[in-house]
Participant: 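Before anything else, here's the structure in question.
Just the heavy atoms: all of them, side chains too, but no hydrogens, waters or symmetry mates, feed the values below.
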Amino acid sequence: GENVEQHPSTLSVQEGDSAVIKCTYSDSASNYFPWYKQELGKRPQLIIDIRSNVGEKKDQRIAVTLNKTAKHFSLHITETQPEDSAVYFCAASHLLTGNQFYFGTGTSLTVIP
Amino acid sequence: GAVVSQHPSWVICKSGTSVKIECRSLDFQATTMFWYRQFPKQSLMLMATSNEGSKATYEQGVEKDKFLINHASLTLSTLTVTSAHPEDSSFYICSAPRQVNTEAFFGQGTRLTVV
């Protein structure tokens with residue numbers, strides 16, 4: 001099955017700096033890559049997603065890049081704010097099995113005011 | 001608002017008893033739903049795929065007799081943790097997509113504590 005690796009596991013940045021989280025996946029058939037933000041004890045919330053036919057997508061301070069050849073994708077958060085502090089998960093979805101998401105191990109982001 | 005509702009939000013049960021968790025899609029029909037398990041400070045681990053009208057598909061290492069899944073209608077899937085033990089204590093969360101390969105909406109999760 002799909003194996004998604006995520007780095008780093010923890011990340012601390014100063015407010016206003018950028019944060020980058022990287023993921024790799026193993027199954028070349030995966031074609032949908034969402035990023036979720038999860039606050040303690042709450043459900044994951046989608047923050048951005050990208051499909052395999054696109055190399056980059058941006059939504060205000062958040063961007064995701066995808067390199068299909070290398071099978072890795074990254075989340076970029078610019079001008080970080082304290083409310084960005086949370087755990088972020090990447091995921092990969094397999095073309096044939098639809099929305100079974102295989103999640104990365106998570107990154108705990110702390111934005112220091 | 002939430003499009004996937006999960007109930008209960010938390011439950012405490014005695015060892016050896018069974019617990020049922022419900023996952024409902026509120027404004028769309030979901031032929032497929034997914035059940036995940038999350039240990040503290042860890043990632044979401046896919047347990048099984050719930051298929052309306054057919055048997056669930058379990059991930060490797062997940063005991064199907066332990067975690068019974070029933071997808072009785074297009075808006076409801078249930079996960080029953082049978083003969084629960086303390087090691088089953090975890091955060092269980094379901095998800096359902098509106099369409100294939102689109103955003104998956106998550107339920108609010110169920111915190112299960114087995115004492």
Participant: Chain A heavy atoms under 4.5 Å from B:Gln6: which part of the residue, side chain, backbone, both or neither?
Facilitator: neither
Participant: Please tell me if the side chains of A:Gln100 and B:Thr32 come closer than 4.5 Å, counting only heavy atoms from C-beta onward.
Facilitator: no
Participant: Taking CD in A:Glu15 as the centre, count heavy atoms belonging to other residues, nucleotides or ligands within less than 6.0 Å. Is the count above 12?
Facilitator: yes
Participant: Does NE2 in B:His85 sit with more than 12 non-hydrogen atoms of other residues, nucleotides or ligands closer than 6.0 Å?
Facilitator: yes
Participant: Looking only at heavy atoms and a cut-off of under 4.5 Å, which of A:Gly104, A:Ser9, A:Pro34 has the most pairs with chain B?
Facilitator: A:Gly104
Participant: Just checking A:Gln60: does its CD atom have more than 12 heavy atoms from other residues, nucleotides or ligands closer to it than 6.0 angstrom?
Facilitator: no
Participant: Same cluster or not: A:Ile62 versus A:Trp35, using hydrophobic residues (I, L, V, M, F, W, Y) connected whenever any side-chain heavy atoms lie under 4.5 Å apart?
Facilitator: yes
Participant: Determine whether B:Leu112 and B:Phe106 fall in the same hydrophobic cluster, where Ile, Leu, Val, Met, Phe, Trp and Tyr are linked whenever their side-chain heavy atoms lie under 4.5 Å apart.
Facilitator: no
Participant: B:Glu59 versus A:Tyr102: any side-chain heavy-atom pair under 4.5 Å?
Facilitator: yes
Participant: Check the surroundings of atom NZ in A:Lys71: do more than 12 heavy atoms from other residues, nucleotides or ligands lie under 6.0 Å from it?
Facilitator: yes
Participant: Decide side-chain contact (heavy atoms from CB on, under 4.5 Å) for A:Thr105 and B:Gln42; before the verdict, give the C-alpha distance in whole Å, the side-chain angles of both, and the deciding distance to 0.1 Å.
Facilitator: CA-CA 6 Å; A:Thr105 47; B:Gln42 294 190 25; over 6 Å; no
Participant: Is there a chain of hydrophobic side chains (I, L, V, M, F, W, Y, each step under 4.5 Å between heavy atoms) that links A:Ile77 to A:Val20?
Facilitator: no
Participant: I need the residue from B:Gln60, B:Lys41, B:Gln108, B:Met45 with the largest number of non-hydrogen atom pairs under 4.5 Å to chain A.
Facilitator: B:Gln108
Participant: Run the ring-centre check on B:Tyr36 versus A:Phe103 and record whether the distance is less than 6.0 Å.
Facilitator: yes
Participant: Please tell me if the side chains of B:Gln38 and A:Phe89 come closer than 4.5 Å, counting only heavy atoms from C-beta onward.
Facilitator: yes
Participant: With chain B, which of A:Ser108, A:Pro44, A:Gly106 has the greatest number of heavy-atom pairs at distances under 4.5 Å?
Facilitator: A:Pro44
Participant: Give a yes or no on this: more than 12 heavy atoms of other residues, nucleotides or ligands lie within 6.0 Å of atom NZ of A:Lys58.
Facilitator: no
Participant: Which pair of heavy atoms, one from B:Ala104 and one from A:Tyr36, lies closest together, and at what distance?
Facilitator: O-OH, 3.2 Å
Participant: Do you reckon B:Phe91 sits in the same ILVMFWY cluster as B:Val62, going by side-chain contacts under 4.5 Å, direct or chained?
Facilitator: no
Participant: Can you tell which part of B:Ile93 gets under 4.5 Å to a heavy atom of chain A, answering side chain, backbone, both or neither?
Facilitator: side chain
Participant: Nearest 0.5 Å, what's the OG-CD distance between B:Ser43 and A:Gln6?
Facilitator: 7.0 Å
Participant: Under 4.5 Å heavy-atom distance to chain B, tell me which part of A:Gln38 shows up: side chain, backbone, both or neither.
Facilitator: side chain
